[in-house]
Amino acid sequence: MKKAIITGITGQDGSYLAELLLERGYEVHGVVRRVALEYPRSRMRRILHILDRVTLHSASLESYASLFNIIADLRPDECYHLAAQSFVSYSFEDEFSTIQTNLNGTHYVLSALKRLAPQCRFYFAGSSEVFGNVPVSPQNEDTPFHPRSPYGISKMAGVELTRNYREAYGMFAVSGILFNHESPRRGAEFVTRKISIAAARISLGLEREIRLGNLDARRDWGHARDYVRAMWLMLQQDEPRDYVIATGRTRSVRDFLDAAFTRAGLDYREHLVVDETFYRPAEVHELCGDAARARDGLGWSPTVGFRELVHEMVDSDIALFSGRGGLAPGEWEVGS
Ligand code: NAP
Ligand code: F7E
């Protein structure tokens, strides 16, 4: 039985990936923060349904020793390093901790694997935010990096660090350069989930307005379940390579808003307040990925389209706030 470890197992991607690995017969271990063990109902809400089938270990990305000890005990076959401060907006407010957590955390995991389990296959959660101010569209593995946020810089450095471990030490270490992917498990501060929650709550009479920033920003949005399948595929290949994962279609925030409110039976124009608080000091205006390498090399392609994604998110939030979802109304705010 293969043994896999996931950092960031409590997050959106970690939860879907844990399900996928369990389905494929893996022994699954997850790294969580100490606080998650203290508040399981909120902090582990995405993995409550599989808690009896995974083994959790508490560690901090800030502590080399804590990660080293877990890897020393486990000696895993595969390591999916997903944990990160993942909110781009917040990275402008606290650039030091974002870069520290995201870059040093990655370095600690790689270094411990090199010492203790050099045969372990390593996946780094890279991001389309490395492209930032894009010179060409769509973006692929050869597109130059020009990140526009401390978050994007931390991910660019993580991709380069991972490449260096691959080239210098011969490790099977790869980065997925993943474009935005969403789901009903998306954190509430990201724009898609903020919109699906607002659409649901307004349609149920619980709220009246939604406040958003730049509606013209364009993103290539896919479904998280499709994207974790790509992570797994990357570690099953003969040769370690980095891959762009994307749908190849780009839509604006306004498109998402329109589709979500329409699904909830609303006209977004009657509820929208544009609020400059949500503008970023440096915006990434448009991203669109070219996943041809993944299609040809991994046999990967997305299965969920834009409208299906929007509908799943809105329907799920309507169920949640009608009291028919897994969480009681109010609990969605905790730790999102
Ligand atoms: P997410 O929902 O924000 O999950 C982040 C995970 O990292 C959570 O489990 C969180 O734990 C953990 N974490 C954060 N800071 C930590 C720390 N200091 N110590 C230990 N754990 C820490 O993110 P996601 O959407 O699943 O994304 C997974 C990864 O892919 C991230 O690295 C993200 O940057 C990257 N990525 C995401 C996308 C996307 O569109 N979703 C696209 C490209 C790349 P808590 O639950 O305790 O906070
Ligand atoms: O913003 C605009 C905002 O926060 C998308 C992370 O998973 O994907 C994600 O990063 C766009 C931006 O995601 C609001 O200005 C307008 O242009 O949902 P987001 P993101 O920044 O693209 C990448 C690939 C990652 O790697 C990250 O980890 O929406 N926008 N109004 C808004 N965004 C937010 N959050 N809130 C607003 O009110």
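Note that the structure is a prediction, hence the values are computed from the model and not measured. Whatever order the structure lists them in is the order used to number ligands and atoms, beginning at 1. Positions are given from 1, in the same order as the sequence printed here.
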Nearest neighbour of [atom] from the list [options], on a heavy-atom basis:
| atom | options | answer |
| --- | --- | --- |
| atom 23 (O) of ligand 1 | Gly30, Ser86, Ser60, Gly11 | Ser86 |
| atom 43 (C) of ligand 1 | Val31, Thr7, Leu178 | Leu178 |
| atom 45 (P) of ligand 1 | Leu67, Leu82, Thr10, Ile6 | Thr10 |
| atom 13 (O) of ligand 2 | Asn180, Ile195, Leu257 | Asn180 |
| atom 44 (C) of ligand 1 | Gly126, Ala125, Ala246, Ser154 | Gly126 |
| atom 4 (O) of ligand 2 | Arg218, Arg280, Glu283, Lys194 | Arg280 |

List ligand 2 atoms under 4.0 Å from [X], heavy atoms only on the residue side.
| X | answer |
| --- | --- |
| Phe87 | 4 (O), 35 (N) |
| Val253 | 2 (C), 29 (O) |
| Ala217 | 17 (O) |
| Ser128 | 24 (C) |
| Tyr151 | 25 (C), 26 (O), 27 (C), 28 (O) |
| Ser127 | 23 (C), 24 (C), 25 (C), 26 (O) |

Pair Tyr80 and Phe122, ring centroids less than 6.0 Å apart: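 Distance test on ring centres: not under 6.0 Å, no.
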Validation row, ring centre His29 to ring centre His57 under 6.0 Å: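 Yes, the ring centres sit under 6.0 Å apart.
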Verdict with supporting geometry, Asp315 and Arg263, salt bridge (charged side-chain N to carboxylate O under 4.0 Å, His left out): CA-CA 8 Å; Asp315 294 353; Arg263 178 67 172 180; 2.7 Å; yes
With only distance considered, is [X] within less than 3.5 Å of ligand 1 through an N or O on each side?
| X | value |
| --- | --- |
| Gly14 | no |
| Gln12 | yes |
| Arg186 | yes |
| Thr101 | no |
| Asn180 | no |
| His181 | yes |

contact_flag Arg186 ligand 2 heavy-atom lt 4.0 Å: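 Yes; Arg186 lies near enough to ligand 2 that a heavy-atom distance drops under 4.0 Å.
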Ligand 2 contacted by Tyr279 (non-hydrogen, < 4.0 Å):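 Contact absent.
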Leu212 side chain near Val274 side chain, heavy-atom distance below 4.5 Å: no
Test item: Ser91 and Gln85 side chains (from C-beta on) under 4.5 Å apart, heavy atoms: yes
Face-on cation placement of [X] at [Y] ring, 6.0 Å and 45° thresholds:
| X | Y | answer |
| --- | --- | --- |
| Arg193 | Phe190 | no |
| Arg251 | Trp221 | no |
| Arg225 | Tyr16 | no |

Flag for His223-Glu312: side-chain donor and acceptor within less than 3.5 Å: yes
Could you identify the single nearest non-hydrogen protein atom to [atom] and state the distance to 0.1 Å?
| atom | value |
| --- | --- |
| atom 12 (C) of ligand 2 | Arg219 NH2, 3.5 Å |
| atom 35 (N) of ligand 2 | Glu189 O, 3.0 Å |
| atom 27 (C) of ligand 2 | Ser86 O, 3.3 Å |
| atom 10 (O) of ligand 2 | Val88 CG2, 3.6 Å |

Presence of salt bridge, Glu283 and Arg219, under 4.0 angstrom: yes
Lys/Arg-Asp/Glu bridge criterion (N-O < 4.0 Å) met for Glu27, Lys2: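 Result for this pair is no, no salt bridge flagged.
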Contact check: Gly213 vs ligand 2, nitrogen or oxygen atoms, below 3.5 angstrom: yes
Check: Val191 N/O within less than 3.5 Å of ligand 2 N/O: yes
Is the number of heavy atoms from other residues, nucleotides or ligands under 6.0 Å of [X] [atom1] greater than 12?
| X | atom1 | answer |
| --- | --- | --- |
| Arg249 | CZ | no |
| Glu38 | CD | yes |
| Glu239 | CD | no |
| Arg115 | CZ | no |

Joint hydrophobic cluster, Val174 plus Tyr169, side-chain heavy atoms closer than 4.5 Å: no
So is [X] close enough to ligand 1, meaning a heavy atom under 4.0 angstrom away?
| X | value |
| --- | --- |
| Lys155 | yes |
| Met44 | no |
| Tyr227 | no |

Which one holds for [X] and ligand 1: side chain close, backbone close, both close, or neither close, with close meaning a heavy atom under 4.0 Å?
| X | answer |
| --- | --- |
| Glu129 | neither |
| Phe190 | neither |
| Arg33 | side chain |

Check: Thr101 side chain, Ser97 main-chain N or O, donor-acceptor pair, under 3.5 Å: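 The answer is yes, because a donor-acceptor pair under 3.5 Å joins these two groups.
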Check against salt bridge (charged side-chain N to carboxylate O under 4.0 Å, His left out), Arg166 and Asp242: CA-CA 11 Å; Arg166 179 168 75 229; Asp242 296 342; 3.0 Å; yes
For [X], take its heavy atoms, then give the atoms of ligand 1 lying under 4.0 Å from any of them.
| X | value |
| --- | --- |
| Gly8 | 6 (C), 7 (O), 9 (O) |
| Tyr151 | 33 (C), 34 (O), 35 (C), 36 (N), 44 (C) |
| Glu62 | 18 (N) |

With Tyr227, the ring pair (Phe, Tyr, Trp, His ring centres under 6.0 Å) member among Trp300, Phe179, Tyr123: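 Result: among Trp300, Phe179, Tyr123, Trp300 is the only option passing the ring pair (Phe, Tyr, Trp, His ring centres under 6.0 Å) with Tyr227.
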Parallel, tilted or perpendicular, as decided by the 30° and 60° cut-offs, for the rings of Phe261 and His271: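 Tilted.
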